[in-house]
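As structure tokens, the structure follows; a few thoughts come after it.
Side-chain atoms are counted along with the backbone in the values below, which use heavy atoms only and exclude waters and symmetry mates. Keep in mind that this is a model prediction, so the values were computed, not measured. So you know, we letter chains A, B, ... as the sequences are listed, proteins then strands, and number each from 1.
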There are 2 protein chains.
Amino acid sequence: MSHSASYSAFLDRLGGVNDLLNALSILQWDSRTMMPPGGVMSRARQIATLLGAAREKLLSDETRRVVDAAMAEVSKLPAEAAERRSVEQTVAAIAFHERIPAALQTERAELKTIANAAWIKARADSDFAAFAPYLERVVDLARRTADAIGYADHPYDALVAIYEPGETKRSLDALFGELRRGIGPILAKVLAAPEPKADFLERHFPRDRQFAVARRLAETIGYDFQRGRLDDTVHPFEISFTRDDVRITTRFYENYLPPSVFGALHEAGHGIYEQGVDPVYTRSPLATDLVGWYAVGGTSFGAHESQSRLYENHVGRSRRFWELHFGVLRDAFPEALADVDAEAFFRAVNRIRPGLIRVEADELTYDYHIMLRVEIEAALMDGSLKVADLPAVWNETIRRELGVAVPDDRRGVLQDIHWSTCQIGTFCNYTIGNVMAAQLFERALSDEPAIAARLQGGDYEPLRSWLAHHVHQHGRRYGRDELLVKATGRPLDPKPYIAYLGRKYGEVYGFGG
Amino acid sequence: MSHSASYSAFLDRLGGVNDLLNALSILQWDSRTMMPPGGVMSRARQIATLLGAAREKLLSDETRRVVDAAMAEVSKLPAEAAERRSVEQTVAAIAFHERIPAALQTERAELKTIANAAWIKARADSDFAAFAPYLERVVDLARRTADAIGYADHPYDALVAIYEPGETKRSLDALFGELRRGIGPILAKVLAAPEPKADFLERHFPRDRQFAVARRLAETIGYDFQRGRLDDTVHPFEISFTRDDVRITTRFYENYLPPSVFGALHEAGHGIYEQGVDPVYTRSPLATDLVGWYAVGGTSFGAHESQSRLYENHVGRSRRFWELHFGVLRDAFPEALADVDAEAFFRAVNRIRPGLIRVEADELTYDYHIMLRVEIEAALMDGSLKVADLPAVWNETIRRELGVAVPDDRRGVLQDIHWSTCQIGTFCNYTIGNVMAAQLFERALSDEPAIAARLQGGDYEPLRSWLAHHVHQHGRRYGRDELLVKATGRPLDPKPYIAYLGRKYGEVYGFGG
């Protein structure tokens with residue numbers, strides 16, 4: 001592609017911002033995988049400095065000058081032209097950051113540190129009251145941030161838009177209504193049916209063999225190790241430093257097999273997204289989240305989650321996947337899995353059991369954990385819920401919706417890190433990812449019949465190629481719903497997700513879709 | 001320590017430069033240890049952007065403003081006050097970079113890339129003529145850089161001062177004369193004596209056990225793994241991201257034991273230096289090489305090398321070290337070392353055998369490789385040697401001084417990467433490190449008799465503590481000779497080094513010091 005001088009100058013300038021954000025991500029990856037314990041304090045400084053440098057570069061006079069010059073030119077292009085989108089998104093990001101006063105930024109950085117420390121202690125003591133004053137301040141700061149950003153309808157909308165542009169309290173309420181109506185009856189039927197056997201998942205599975213299996217399965221579904229690597233961390237994650245260096249981690253429990261396997265498939269799904277972004281967009285604003293300060297190509301957090309959930313659940317928890325690949329497990333763990341077959345394994349890893357902890361939740365109950373959090377966040381933001389009343393609301397909702405009694409705050413309202421680090425508005429991404437995964441997977445199969453046939457044979461390339469064409473390559477060029485309309489003919493729609501859950505758990509629990 | 005507002009503002013601003021240089025080092029560490037192959041191109045961009053950001057920050061109006069304000073204040077302090085040194089060194093670095101035109105910087109960055117690619121090919125083909133045109137350009141650029149920096153006597157002096165302030169062509173000529181006169185007779189005696197047996201070093205040593213041994217020995221001499229880690233790379237190195245995160249690597253050959261062991265001790269020596277810098281200097285100009293663009297606390301490259309060579313050779317290749325620790329090796333490699341004892345091992349790892357390759361050279365011939373390179377560099381700079389004549393001069397010098405015939409350019413003039421990456425002036429650091437190591441070690445033993453006694457017992461803490469007190473803690477506060485005068489009463493002096501070599505090889509070869 002050859003660009004005009006003004007657009008090239010724009011790309012060069014924004015390429016520098018992308019480099020700084022990628023460097024920031026490398027420091028974050030390192031701090032979670034490699035850094036010795038002593039490095040914590042200096043690393044925090046280095047990260048703050050890089051973020052400051054990126055911010056300074058984006059908001060500098062020089063950047064404004066090149067953005068204006070590029071805008072004068074790309075505004076003549078069609079509305080969907082990548083170059084035009086690239087400049088427009090930069091303009092929007094500059095405007096967004098200008099609305100947030102520097103004092104709010106500083107306050108947030110300071111509050112994060114002390115609120116997180118308070119949360120760590122409160123959670124260890126299972127003492128919500130000790131964390132409550134900090135949460136009050138987090139909520140107050142979030143309200144003032146929402147006011148600074150601006151919103152039409154509800155203060156929560158301003159925060160949600162950072163992570164999932166287009167969603168609002170109202171749209172999420174509507175989505176959650178449909179999900180509760182759709183998932184509720186499936187869950188009820190599942191809970192009335194006999195549970196599949198799953199005790200064999202808790203035998204001894206040596207770490208190094210789990211590692212080899214995780215690596216092999218990630219490679220099988222299309223994650224490229226020439227441009228990636230797999231490591232071991234307490235909390236699995238994916239992170240990218242351009243499409244050419246996209247890293248994933250998973251976790252290993254020697255006495256419980258599923259987390260390493262499904263963690264690797266999940267993070268590989270995220271990784272395949274980043275590895276598939278059009279190389280032309282490398283270092284450009286179409287591979288840079290200039291609002292949230294990440295160098296990523298995925299168009300929203302929900303869209304990103306759709307790719308991880310698609311590979312984890314639609315591919316990785318399918319019966320056919322284990323008919324094809326259970327041999328890999330049995331070769332790796334001949335003693336532990338001697339009396340297990342593919343069908344038993346498939347059923348075991350799809351066992352439904354309502355529980356207290358979000359990150360351990362199964363496919364049918366996961367969204368209930370999300371809906372609870374999103375509804376609490378929105379109510380805190382508009383003042384209809386007081387921080388002091390949070391544990392009661394939490395515990396009552398879990399009891400009512402999942403039938404589980406919350407024994408302490410540690411396994412209840414204090415379980416997630418998000419609020420203590422001033423993150424409010426991100427939880428909806430997980431459920432949107434679930435919904436969007438089903439919508440895209442259904443469409444891929446109906447769009448190209450060869451995909452299903454090749455999946456049956458263990459060839460994951462046609463699926464990856466369809467996703468690359470319809471989702472990955474576009475990076476951040478299109479908004480999430482715009483992308484969905486192009487790929488599936490309609491915006492976010494929970495029907496394919498509900499239909500999939502009904503079909504899948506009918507299959508697992510034998511009561512028919 | 002409490003500082004005035006203007007000095008605090010200075011530290012804050014320069015702290016940001018240090019953070020950027022540390023981030024740069026993290027990216028470099030990652031690219032040499034962890035990065036997947038696909039990441040090469042984007043990493044180069046990220047590194048260039050970080051370096052540009054550090055440069056921009058150092059040379060910005062805002063930095064000049066805080067430097068001026070701080071200078072007005074610290075100029076009232078005693079000449080040796082850390083605060084005053086910190087500001088003065090920043091002023092000098094700004095002046096240094098201002099003397100080098102931006103066009104020269106760009107030219108260097110571009111030339112590095114193509115000259116290095118040409119060198120890789122020329123070396124593979126053992127074809128100096130193919131590299132010669134690039135080396136002509138490197139030398140020409142180095143001359144213009146020296147002219148821009150300025151020098152009193154010889155153009156080489158301007159470049160040497162970047163890496164080893166205080167040294168000049170003249171001072172190095174004098175040093176090398178003394179070294180040749182001192183080492184020559186020792187080498188002649190050694191080569192006339194029977195060689196110790198060393199074939200057992202080439203047996204099978206499994207990598208994972210070598211790794212455990214290397215880790216254990218590094219820890220034994222005082223490298224702190226709470227603030228460090230050890231990895232495996234083709235070329236061993238040490239790198240730090242503040243004193244609290246100092247990493248080392250070594251290399252592992254399964255059929256040759258010494259490189260992993262002595263690589264680890266050598267790099268641990270570098271690491272102990274960085275880990276020992278006064279924490280008060282963290283992120284300050286006294287832990288930042290603002291001329292060479294590294295976030296390091298060592299006061300010169302030669303001073304750094306003195307610590308690695310001290311631990312590698314004076315500690316790690318001593319008879320007593322292996323009397324104490326040979327058991328670690330024998331436990332790790334019971335088959336390979338079944339018929340070997342501590343004395344045989346000590347003698348084997350001190351075997352002298354003149355060879356072609358610098359990085360494989362032993363203690364008595366290493367400096368000859370350095371002197372050759374330094375003398376060639378200086379002669380290229382003043383035009384008394386033409387690039388075309390380089391192989392002939394190289395081969396003749398190696399033959400005359402080491403008695404070895406150079407069979408091809410690959411094992412001769414093309415062996416080092418330095419010139420292809422536009423580095424001229426760094427080789428002297430290795431020999432200065434050797435000289436300074438002996439000078440400091442001799443002084444430590446005479447200064448505190450307990451050190452020798454404790455080394456006999458395998459306690460390395462008193463030695464480390466003496467070095468921390470006299471060298472490490474000061475970071476970049478004192479120049480190299482200033483530091484040496486404070487620690488040993490005199491500037492760089494080769495006599496202790498020559499005396500040590502005579503004593504040591506008398507011991508190994510049995511002819512008496």
Test side chain to side chain contact (heavy atoms under 4.5 Å, CB included) on A:Asp30 and B:Trp29; report intermediate values, then the result. CA-CA 10 Å; A:Asp30 182 84; B:Trp29 176 84; 3.3 Å; yes

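Counting non-hydrogen atoms of other residues, nucleotides and ligands closer than 6.0 Å to CZ of B:Arg207 gives a total above 12. Within a 6.0 Å radius of CZ in A:Arg45, other residues, nucleotides and ligands contribute 12 heavy atoms or fewer.
Partner of B:Ser42 under the side-chain contact (heavy atoms from CB on, under 4.5 Å) criterion, out of A:Asn18, A:Asn22, A:Thr242: A:Thr242 alone.
With respect to chain A, the highest number of heavy-atom pairs below 4.5 Å among B:Arg227, B:Met34, B:Met41, B:Arg243 belongs to B:Met34. Chain A forms more heavy-atom pairs under 4.5 Å with one residue of B:Glu56, B:Arg283, B:Met35 than with any other, namely B:Arg283. Contact tally against chain B (heavy-atom pairs below 4.5 Å) for A:Val246, A:Ile47, A:Asp244: the top residue is A:Asp244. Ranking A:Pro37, A:Pro36, A:Gly15, A:Gly38 against chain B, the residue ahead of the rest is A:Pro36, based on heavy-atom pairs under 4.5 Å.
The minimum heavy-atom distance between B:Thr49 and A:Gly16, with the atom names listed, is CG2-O, 3.6 Å.
Looking at A:Leu20 and B:Gln46, their side chains never come closer than 4.5 Å, going by heavy atoms from C-beta outward. A:Leu27 has its side chain within reach of B:Leu27: a pair of non-hydrogen atoms, C-beta onward, lies under 4.5 Å apart.
Ion pair A:Asp19/B:Arg43 not flagged as a salt bridge, since none of the NZ, NE, NH1 or NH2 atoms sits closer than 4.0 Å to an Asp/Glu carboxylate oxygen.
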